[in-house]
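It should be emphasised that the depicted structure is a prediction, and the values quoted were computed from it without experimental measurement.
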Amino acid sequence: MVYLAPVFLIIISYLAGELFCKIFCDNTKNLVEKCLIGTLFVLISWGLYVTIMRGFTDSFSSIAWSYSVFLLALFTAALLFSWKNIKKNLEVKNVSSLWPVVICLSIILVQFLAIALVKPNTVYDYTLETVNTTLATDNLFDYHPGMGILVEYAVSDRGKLVTLPLFYAYLSKIFGGHPARIVYMMIPMWGILLNFMVFGLWADGLLEDDKEKGSKKTLFLVGLGLLNIGGLFVNESVFYYIMEKGFTGKSICYNMIIPYIIYLAHNIVVKKRYKDIIYLLMAVGSTVAITDIQTGLVPALICLAVMTIIALVYKIGGMIKWR
C-alpha cells in the first residue's frame with residue numbers, strides 16, 4: 001500500500017485542482033496545471049486544518065481521520081460537478097502523441113530507481129524522527145522529535161506553522177508500512193513528478209509557437225531528468241536536493257513552487273491571465289506550510305520582487321520607446 005502514496009497524491013491533487021478551477025470558472029488550465037494547483041491546495045488545506053484543529057485536540061489520529069473525511073468529500077464533489085471535464089482531460093486523442101510521454105516516463109523511472117538505490121542525505125534533518133514521534137505518541141508538537149520525550153517547548157511557535165512532516169505522518173498512517181519508505185522514497189518520487197510537471201509548463205511557454213514543439217519539449221524534459229541524475233554527484237546543487245533531499249520542504253519549494261511562481265507571474269504580466277493571481281497567492285502561501293519562512297517565504301517574495309522589477313523595466317522602456 002505504501003507504494004501507492006505518490007499515485008494517491010497525484011489523483012487527489014488533480015481532483016482538487018479540477019474542482020478549484022470549476023469554482024473560479026477557469027477553463028484555461030490543462031491536466032498538468034490542475035495537478036499543480038491541487039497540490040498547492042492540499043498543502044495549504046492540511047496546514048490550515050492542523051493549525052485550527054490543534055486548538056481543539058492534541059490527538060493526531062482524530063485530525064488524520066477527520067481530514068480523510070474532508071478529502072473524501074472533495075473527491076466526491078469533484079466527480080459530481082466536474083465529471084465531464086475529468087473525462088475530457090483523460091481522453092487520448094492521438095496515439096502517436098504517446099511516444100513523448102513514454103520517453104519522459106522512462107527518464108522519470110530512471111530517477112525513481114536512483115532514489116530507491118541511493119542513500120538520502122539526512123544530516124541535520126529530523127523529518128523522519130518527527131514522523132515517528134508523531135505516530136508513536138499520537139500527539140502534535142509536545143514531544144521532542146530527537147529524544148521522543150515530553151517537553152514544554154519541543155517546537156517553536158513559528159516551527160508549528162511547518163506542517164509538512166505531519167503530512168508525511170498522515171500518509172504513513174493511512175497507507176501503513178515503514179514511515180522511512182514514505183519519507184525517503186515515495187515523497188522524493190512525488191517531487192520528481194511535480195518537478196517535471198512545472199518544467200513541462202515552462203517548455204510549453206518557451207516553445208509556444210514552435211512547429212517542433214513536441215520533440216523539443218521531450219528533449220527539454222529528458223535534459224532536466226539527466227541534470228537531476230547528475231545532481232547525485234554535485235553536492236548542494238538544486239538537482240542534488242531533489243534527488244537526495246527530495247523529502248524536505250526546501251526541495252519542494254525550490255524545485256516546484258518557485259518555478260511555478262515564475263510561470264504564473266509570466267502569465268499574469270504577458271498573457272494578462274489575472275485569475276492566475278489566485279494561484280500565485282496560493283503558491284506563496286504554501287511555502288509557509290512546508291518549510292521555514294527564511295528558506296521558503298522569503299525566497300518566494302524575493303522572486304516576486306525581481307519579476308515585478310523586470311516587468312516595470314520593460315513597461316517603462318516600452319513607454320519611452322513609444323514617445
Side-chain angles (χ1 to χ4, degrees), residues 2-3 5-6 9-10 13 36 39-40 42-43 46-47 107-134 145-146 155 158-159 161-172 177-199 223-262 283 286-300 302-303:
V2 69
Y3 299 106
L9 289 170
I10 294 298
S13 296
L36 294 173
T39 299
L40 298 176
V42 169
L43 292 174
W46 171 258
I107 195 67
I108 288 173
L109 289 175
V110 173
Q111 292 171 85
F112 284 0
L113 182 62
I115 288 171
L117 295 177
V118 175
K119 184 179 179 180
N121 184 337
T122 59
V123 178
Y124 305 121
D125 184 82
Y126 287 91
T127 301
L128 181 60
E129 288 81 359
T130 302
V131 172
N132 285 330
T133 301
T134 301
V155 181
R158 195 168 86 175
L161 295 175
V162 182
T163 55
L164 188 64
L166 298 180
F167 186 63
Y168 298 163
Y170 167 71
L171 293 174
S172 297
H178 198 287
R181 290 182 180 175
I182 286 284
V183 176
Y184 295 148
M185 288 183 62
M186 298 301 104
I187 294 302
M189 290 177 182
W190 174 54
I192 289 289
L193 293 175
L194 295 176
N195 180 246
F196 264 62
M197 287 180 186
V198 72
F199 280 103
L224 173 65
L226 293 175
L227 285 172
N228 286 340
I229 295 169
L232 292 169
F233 310 99
V234 184
N235 290 353
E236 301 306 321
S237 69
V238 68
F239 307 109
Y240 172 85
Y241 264 81
I242 198 168
M243 295 301 291
E244 292 208 24
K245 303 191 78 170
F247 54 90
T248 62
K250 187 189 297 185
S251 176
I252 295 172
C253 184
Y254 294 160
N255 287 293
M256 177 266 186
I257 293 177
I258 286 182
Y260 190 44
I261 286 174
I262 296 172
S286 67
T287 61
V288 178
I290 67 171
T291 189
D292 187 75
I293 290 173
Q294 292 180 338
T295 57
L297 181 61
V298 172
I302 291 173
C303 178

Legend entry - Residues which pass side-chain contact (heavy atoms from CB on, under 4.5 Å) with Thr39, listed by chain and number, not counting sequence neighbours: Ser13, Leu43, Trp190, Leu194, Met256
Inset, instruction - Rounded to the nearest 0.5 Å, what's the gap from OH on Tyr184 to NE2 on His178? Could you check? - result: 10.0 Å
Legend entry - Shortest non-hydrogen contact between Ile252 and Gly246, atoms and distance: CG1-O, 4.1 Å
Inset, instruction - Evaluate the side-chain proximity of Thr291 to Leu164: yes if any heavy-atom separation is below 4.5 Å, no if none is. - result: no
Inset, instruction - Measure from the side-chain N and O atoms of Thr248 to the backbone N and O of Ser251, and report whether any donor-acceptor pair falls under 3.5 Å. - result: yes
Inset, instruction - For residues Leu226 and Phe239, determine if any side-chain heavy atom of one lies less than 4.5 Å from a side-chain heavy atom of the other. - result: no
Legend entry - Min side-chain heavy-atom separation Ile290-Ile257 under 4.5 Å: yes
Inset, instruction - To the nearest 0.5 Å, tell me how far Ile229 CD1 sits from Ile242 CD1. - result: 11.5 Å
Inset, instruction - Could you tell me the separation between the CD1 atom of Ile108 and the CG atom of Leu224, rounded to the nearest 0.5 Å? - result: 9.0 Å
Legend entry - Side chain to side chain, Val118 and Leu232, heavy atoms closer than 4.5 Å: yes
Legend entry - Polar side-chain atom of Ser286 near backbone of Ala283 as donor-acceptor pair, under 3.5 Å: yes
Legend entry - Check: Tyr168 side chain, Phe247 main-chain N or O, donor-acceptor pair, under 3.5 Å: yes
Legend entry - 4.5 Å side-chain heavy-atom contact, Cys253 and Thr295: no
Inset, instruction - Would you check if Ser172 and Val131 make a side-chain contact, meaning some heavy-atom pair closer than 4.5 Å? - result: yes
Legend entry - Test item: Asn195 side-chain N/O and Asn255 main-chain N/O as donor-acceptor pair under 3.5 Å: yes
